[in-house]
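Some notes on the structure that comes next.
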Amino acid sequence: MRAVIAAEPGGPEVLSVAELPDPEPGPGEVLLDVAAAGLNRADLLQRQGFYPPPPGASDVIGMECSGTVAAIGSGVEGWSVGDQACALLAGGGYAERVVVPAGQLMPLPAGVDLVTAAALPEVAATVWSNVFMVAGLQPQETLLVHGGAGGIGSFAIQLAHRLGARVAITAGSPDKLAACAALGADVTIDYREQDFVAVVKDATDGRGADVILDNMGAKYLDRNIDALAIQGRLVIIGMQGGTRAELDINKLLRKRGAVIATNLRGRPSDEKAAICVSVVEHVWPLVAEGLVRPVVGRSFPLAEAAGAHAFMESGEHSGKILLTV
Ligand SMILES: NC(=O)c1ccc[n+]([C@@H]2O[C@H](COP(=O)([O-])OP(=O)(O)OC[C@H]3O[C@@H](n4cnc5c(N)ncnc54)[C@H](OP(=O)(O)O)[C@@H]3O)[C@@H](O)[C@H]2O)c1
């Protein structure tokens with residue numbers, strides 16, 4: 001099969017297409033003919049050599065894809081050759097074929113075409129598991145999403161809005177703020193020019209955000225605690241602003257707040273499977289009704305993976321970037 005490999009750690013230019021042996025499905029696994037793969041921010045780190053795949057996972061980059069079932073390993077039930085699906089992967093997505101534990105396969109939501117479905121697994125699983133399963137966002141509560149125009153952010157806005165929460169977002173340009181408002185954001189904050197703590201406090205009569213979905217990590221830790229409401233939950237899923245910061249425990253305990261940090265990729269397959277079941281039950285119906293939609297900013301052919309990485313690094317994109325096979 002053709003697959004994208006990184007010859008060595010480095011910039012986008014280290015990515016190229018190579019011929020690799022076809023993977024074979026083991027017990028409990030399914031082989032997919034890949035239609036499209038979604039890019040994720042962590043893919044950039046993996047290419048740079050900072051985010052190795054979990055033990056046993058493919059060295060090929062790519063944490064999500066869509067495709068058609070081509071073969072089935074022993075013990076797999078509920079899937080047949082020819083079925084279309086999308087999948088959460090530990091790796092291997094930037095390729096013509098990939099092997100997936102069956103529990104990490106999801107059917108396509110009604111009305112979503114096979115290629116576009118590659119934009120869904122990571123954003124749906126990350127947003128649903130963190131904002132709803134872990135942080136327990138309730139209708140009428142306020143969610144602050146940092147990076148509202150990105151892949152994760154675009155989905156988080158829609159899901160929280162549809163489930164009845166008030167949504168505040170940060171983004172880095174007027175166009176992106178407008179795109180977030182169109183997706184359902186109630187409060188939009190330009191992180192280059194505005195103090196998000198002040199704007200969120202102002203918009204909530206001084207209460208703050210009940211849940212914060214944070215991609216920045218260290219850089220925003222102290223301000224995120226300031227922006228939290230009493231009994232607020234800060235869920236850190238990204239480290240774009242570094243990994244080490246000082247936590248003012250006094251400030252956090254006076255708010256009876258929680259700081260949670262999670263990562264999807266490194267979890268055992270059965271935990272990912274449980275998240276996929278919950279996503280299909282709770283999120284797919286909203287997608288099928290058109291109430292929440294995959295946001296695809298741009299697609300590149302598989303052979304142009306380097307260009308796709310450079311585009312994500314430029315920060316110009318909104319929504320998801322796909323590689324089509
Ligand atoms: N832990 C997990 O399981 C998990 C899973 C998936 C993703 N993630 C993380 O989630 C984050 C988003 O991923 P993605 O795939 O959606 O990437 P993406 O589409 O590239 O989004 C990155 C976002 O970061 C925003 N950003 C940059 N500087 C910022 C700042 N100073 N303040 C606020 N926002 C800022 C960008 O906003 P502008 O474009 O407006 O500048 C953009 O929306 C990444 O950090 C990724 O690693 C974590």
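Whatever order the structure lists them in is the order used to number ligands and atoms, beginning at 1. Quick caveat: nothing in here was measured; it's all calculated off a predicted structure.
In the hydrophobic cluster analysis, where Ile, Leu, Val, Met, Phe, Trp and Tyr join through side-chain heavy atoms closer than 4.5 angstrom, V235 is grouped together with F132.
Counting heavy atoms under 4.0 Å from ligand 1, residue N215 touches it through both backbone and side chain. The side chain of E122, and not its backbone, has at least one atom closer than 4.0 Å to an atom of ligand 1 (non-hydrogen atoms only; side chain from C-beta on). At a heavy-atom distance under 4.0 Å, only side-chain atoms of T126, from C-beta outward, approach ligand 1. Under 4.0 Å from ligand 1, not a single heavy atom of N130 appears. Under 4.0 Å from ligand 1, heavy atoms of R41 appear from its side chain as well as its backbone.
With hydrogens and angles ignored, the 3.5 Å screen pairs a side-chain donor or acceptor of E96 with a backbone N or O of R2. Between the side chain of S129 and the main chain of A125, a donor-acceptor pair closer than 3.5 Å is present. Judged by distance alone, with hydrogens and angles left aside, the side-chain atoms of E64 form a donor-acceptor pair with the main-chain N or O of E122 at under 3.5 Å. Remark: the backbone N or O of D22 is not paired with any side-chain donor or acceptor of R97 at under 3.5 angstrom. Judged by distance alone, with hydrogens and angles left aside, the side-chain atoms of Q158 form a donor-acceptor pair with the main-chain N or O of S154 at under 3.5 Å. Counting only distance, with no hydrogens or angles, the side chain of R166 and the backbone of L143 share no donor-acceptor pair below 3.5 Å. With T170 contributing its side chain and G147 its backbone, the two residues share a donor-acceptor pair below 3.5 Å. Remark: side-chain polar atoms of S66 are not paired, donor with acceptor, to backbone N or O of A85 under 3.5 angstrom.
Proximity of the aromatic rings of Y220 and H146 is defined here by a centroid distance below 6.0 angstrom, and this criterion is met.
Annotation: atom 36 (C) of ligand 1 to nearest protein heavy atom, G147 CA, 4.3 Å. For atom 44 (C) of ligand 1, the closest heavy atom belonging to the protein is Q240 OE1, 3.2 Å. Looking at atom 12 (C) of ligand 1, its nearest protein heavy atom turns out to be I152 CG1, 3.9 Å. In terms of protein heavy-atom proximity, atom 28 (N) of ligand 1 is nearest to Y191 OH, 3.5 Å.
A salt bridge is absent between R207 and D205; no separation between the charged side-chain nitrogens and carboxylate oxygens falls under 4.0 Å. A salt bridge does not link E289 to R162: none of the charged side-chain nitrogens sits closer than 4.0 Å to a carboxylate oxygen.
Taking only nitrogen or oxygen atoms, main chain and side chain alike, T262 reaches within less than 3.5 Å of ligand 1. Residue H317 has at least one nitrogen or oxygen atom sitting less than 3.5 Å from a nitrogen or oxygen atom of ligand 1, judged on distance alone. Taking distance alone, with nitrogen or oxygen atoms compared against 3.5 Å, G148 stays at or beyond that limit from ligand 1. At least one N/O-N/O distance between G150 and ligand 1 falls below 3.5 Å. When only interatomic distances are considered, the shortest N/O to N/O separation between A42 and ligand 1 does not fall below 3.5 Å. At least one N or O atom of Y220 sits closer than 3.5 Å to an N or O atom of ligand 1. Residue A171 places no N or O, backbone or side chain, under 3.5 Å from any N or O of ligand 1. Any N or O atom pair closer than 3.5 Å counts here, and M239 shares no such pair with ligand 1. Looking at M312 next to ligand 1, no N or O pair under 3.5 Å apart turns up.
Residue-ligand proximity: R265 is placed with every non-hydrogen atom at 4.0 Å or more from ligand 1.
Under a 4.0 Å criterion applied to the non-hydrogen atoms of G238, ligand 1 contributes the atoms 45 (O). Close contacts between ligand 1 and K176 involve ligand atoms 38 (P), 39 (O), 40 (O) [criterion: under 4.0 Å to a heavy atom]. For ligand 1 and T170, the ligand atoms under 4.0 Å from any heavy atom of the residue are 33 (C).
Paired with L323 under the rule side-chain contact (heavy atoms from CB on, under 4.5 Å), one option of I61, V34, D43, L302 passes, and it is L302.
Looking at I237, I321, D214, V295 and measuring to atom 4 (C) of ligand 1, the nearest heavy atom belongs to I237.
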